[in-house]
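Single-structure report; data block below.
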2 protein chains.
Amino acid sequence: MSCSYLPTFQDPQVIGAGPAGLMSAFALARAGINVQIVDKHSKKVAAGQADGVQPRTTEVFKSYRLSDRLLKEGTQLHVAAFYNCSKSGGIELTDRVPDVTATDTNFPFEVTLHQGAIEDIFLDNMRDMGVEVSRPIIPTSLEVTEALVDDFDAYPVRLNTETKDERRTEIVYAKYVLGADGARSWVRKSMGVVDLIPDTDFPDVRNKCAIHSNNGSCMIIPREDNKIRLYIQLDGKDVIDASGRVDKSKAGPEMILDVACKTLHPFTIKTPESYDWWTIYVIGQRVAERYTVHNRVFIAGDACHTHLPKSGRSRHERGPAASMYDSYNLAWKLVHVLKGIAHPTLLQMYEFERQQYAQDLIDFDKKFSKLFSGKPYSELNLDGVSHVEFLKAFQMFGGFTSGLGVQYTDSMIIDSKHQAQNIFIGRGLPPRPLLRAADCRPIDLHNLLVSDACFKLLVFTGDTHDPAQMARVQEFAKQFSASGSFFAEFSSPDSMHKVFDIVPISSEKKETIMYNALPRILWSHWSKVLVDDIDMRGVTGIRPYGYVAAIAPLDGVSHITSYFTTFMKVC
Amino acid sequence: MSCSYLPTFQDPQVIGAGPAGLMSAFALARAGINVQIVDKHSKKVAAGQADGVQPRTTEVFKSYRLSDRLLKEGTQLHVAAFYNCSKSGGIELTDRVPDVTATDTNFPFEVTLHQGAIEDIFLDNMRDMGVEVSRPIIPTSLEVTEALVDDFDAYPVRLNTETKDERRTEIVYAKYVLGADGARSWVRKSMGVVDLIPDTDFPDVRNKCAIHSNNGSCMIIPREDNKIRLYIQLDGKDVIDASGRVDKSKAGPEMILDVACKTLHPFTIKTPESYDWWTIYVIGQRVAERYTVHNRVFIAGDACHTHLPKSGRSRHERGPAASMYDSYNLAWKLVHVLKGIAHPTLLQMYEFERQQYAQDLIDFDKKFSKLFSGKPYSELNLDGVSHVEFLKAFQMFGGFTSGLGVQYTDSMIIDSKHQAQNIFIGRGLPPRPLLRAADCRPIDLHNLLVSDACFKLLVFTGDTHDPAQMARVQEFAKQFSASGSFFAEFSSPDSMHKVFDIVPISSEKKETIMYNALPRILWSHWSKVLVDDIDMRGVTGIRPYGYVAAIAPLDGVSHITSYFTTFMKVC
């Protein structure tokens, strides 16, 4: 075994190139951070594995301009169909309901796409920025020098790695390390999963289906390229060996399909010539107690939480939406700290915000999984799970499963002192159709909430046709410019450290508004002035990326300034 | 001068690689026809020239899956602003109205993009199919052997060409030749045109503007990359030399901008560091008397009609929408004849359909141009053009300028015997949001009207939840299959000569419909069965590409069959 005696120094180091790790590396690279990412596997995963991209995650993809490809390659699930026992034996259609109950999104559906394709979206876009995954590289140990953690310029994390093939060891000193390299979980249940192109007479084969029959439960998830995925529950003892590991020799795709067909009776699925992918796995649910070590090492994704794949966030032993979201939440904080704009204390907010969400997710999964695997209600089984009960759970958690229901509580970076109608602090801002004032082009508010690590300051000017209101807007602009000139300096498109993106939204009529009559500091380009028909006044600060952080009235420039002073160095 | 003694044989030969020629070559290549295209210029045009893509043309781009790129690169015009004389001297905003008045389109706006970029869309997509423009190749003579024009297998057109550089001549024998190589026009008026990035206080600089002042008239057309185009009318005698040609030494972009600024007073445009493109040209309006020679040689685009660029179809001496539309109209007819599916008489319909449209277009342009260049109405000039009069003309021709108002009259291929509500025979089918039955995915009807040279047979099944109606649908399917098996054979996705694309549209509720309960001959794939909430019954035939050709009731299979018998060889 050889050893390189020249350690490398890395600002942020990402370990693990699954969806969580790739989202981190991509988000950091896009913000101009020099990031390195390693993975222990020689090759990336091909078929199967993760799927189920929820509306909020699709919105995140859009904010990076990655959603076109996701939507082109993925399959959309709009409807969930429920089948239950029929009186004549077998199953029959009980109900079809929207798969996603939330309506405050431009993507009111789930997208299924295999993990390899999702990873490729990140990989291809990272490659364009010169970032590639180094593999296979295995982390062997990690050490944080506690004396150095408060020194901004130090590299307090020491990471030892080993290459699998060349048996070379290497030492990396990093400012920050993000561990996104999966997790092991307790054995609790086992699931059989198979992907295939179905030849079937089952009419809901292109809808997400929950099927409860006296012969068992089964779930169908439509996928890209005319494929579907079947999930069935297996009796653990049949497929798990003495050491607690799955013994694949005890089962195969034929067995899984056979169980599914019994559930589907009187409908049939013909045995296909080949199976696209299949697996049997054991799953557990847990949340990591700590998300960080001294805010220098962070864990994200599976390293934090694993849960049941049938919650609509159906991913093999992982939660891809939650995993990518961990990374997304951490990325802008790391960017601001590494660029010297924010105090390192900002990083404490990562664990604060993500741990509670992970716990909620697990709780939901447990509940839903119990209902799903319970015996169906019937005249002979009055204690069984009724469709009404199951549907209620499905819909009650609709907002949650859509990824749109996340609510961050008050903290250093969430300030709910001032409120405004229809804007919820700590939540994502819903989409809203607006017009650009200069050319009346329809634009959705979400098109402006790009993930560029900038805070978005939405300045609702009110009806600027009214001279008194225009005077208020001019006074706001004056105070805003005067605030140590910090807003002006850090909102310039030419600034090296642009932190603010200012978006004025007027409620003046589109027939009369003159976009260039607004104070010049409020718009950096003609395309930035918007028109809405709701008369709102005040400033709404949107964090990178997309969550409402604080609100202030037009005469509350000092409130906005003090909000940023708590964690930014520039104030 | 050398001469190649080996003539080449070409099925269709396209002359001229402007928008009309490229649209032809692209449409033919996409349909699998071995096409050749030549152009006399050594290089393609760079900046300036054509712009103004109307809604119907954007729909055509969409039907070829080219609209994403057009919309990404182009600028959208949603509003037309009108400025007129103000009492204090100078001009003031009179009105802002939608630039496109038609609402029955998914693209209710005009797109501006320079000619080179539009051509690149075709060129890049043709290159993927192995077709490139041969240039510079100059056609020197063209001859049609009349004795051969009725022989399908003959190559009756002889084309002599010459290369500019090598001075090599070549002979091409072609089955069909399409001339899309522009035209000369009579000198009537002269226009000054300049493209620039404006530094201005004029508030409607991002809207299409018609400005009438006592100092003259001016039009502003916003363009891609923050540019605008200014049109001003010049006094012909100032810039035209004795030979009737423009003398560019007599004027320049500074002069054009200077005239525009006088019109814009009290607003100003600063003199830019450079001009993107400018020209002065003389224009005329005419329609060719014949569009074809023996239906073996066709002319399209500028070769048929030239008109004023300010009609909303603002292209230098040409009409790009009308030009591309000529090609689009001809392409599917040529494809069907060359593939041996249709009788050559089908080609007679090209001249029949396009000549009337071209005449209407010119008539409109003349009228509009007169109103535009007229002195504005004022207390001192009571005979002047009033805003109300100008706006009325602008809006009256709204449907026409959008490209959506084209109406083909009854002919061999337009059969208005049967009618249906909200479907207009001889016109484009408006967009309509529908659902796919199998997965409830929203889809617009236009997404199915792809330009693949196939007739679309929309089978409105009515409410198939009603057993009596389902029985009618089954009887239809039976008769349909029995029609000499011709519909079945030529609608198979595997057929070499697929002519029909069958799209069943049911009005059954999405909650109950079973897509696979419809007769199998009506759907070739699960994605083809649609749901609409309007209860319609019958068959609507849509021609390639997009125009309603004929309608029949569900028990009128014989009517549909006889429609196709008039021009198809397969019946």
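Throughout, protein chains are lettered first and strands after them, A, B, ... in sequence-line order, and every chain is numbered starting at 1. These numbers come from the heavy atoms of this one structure, side chains and all, not from hydrogens, waters or symmetry mates. Small disclaimer: the values here were computed from a predicted structure and weren't measured.
When every heavy atom of A:R206 is checked against every heavy atom of B:A438, the shortest pair comes out as CB-O, 3.4 Å.
Chain A forms more heavy-atom pairs under 4.5 Å with one residue of B:D201, B:D95, B:D439 than with any other, namely B:D439. Interface check for chain B: of the options A:D204, A:V97, A:I513, the most heavy-atom pairs under 4.5 Å are formed by A:I513. Highest contact tally toward chain A, considering only B:A81, B:P442, B:P98, B:A517, is held by B:P442 [criterion: heavy-atom pairs under 4.5 Å]. Across A:D68, A:L93, A:N207, the residue that shares the most heavy-atom pairs under 4.5 angstrom with chain B is A:N207.
With a threshold of 4.5 angstrom between heavy atoms, A:L77 does not approach chain B through any atom at all. Interface remark: B:F109 contributes no atoms to any contact with chain A (heavy atom separation under 4.5 Å).
Contacts between residues 521-531 of chain A and chain B, counted as heavy-atom pairs separated by less than 4.5 Å, involve A:H525, A:W526.
Looking at A:E511 and B:V79, their side chains never come closer than 4.5 Å, going by heavy atoms from C-beta outward. Between A:Y515 and B:V205 the shortest side-chain heavy-atom distance falls below 4.5 Å.
Surrounding NE2 of B:H387 are more than 12 heavy atoms belonging to other residues, nucleotides or ligands, all under 6.0 Å away.
Summarising the geometry, atom NZ belonging to B:K510 is positioned 12.0 Å from atom NE2 belonging to A:H78; distances are rounded to the nearest 0.5 Å. Annotation: the span from B:N516 atom CG to A:T200 atom OG1 amounts to 8.0 Å, rounded to 0.5 Å.
For B:P272, the side chain to side chain contact (heavy atoms under 4.5 Å, CB included) partners are B:L196, B:L257, B:Y275, not counting sequence neighbours.
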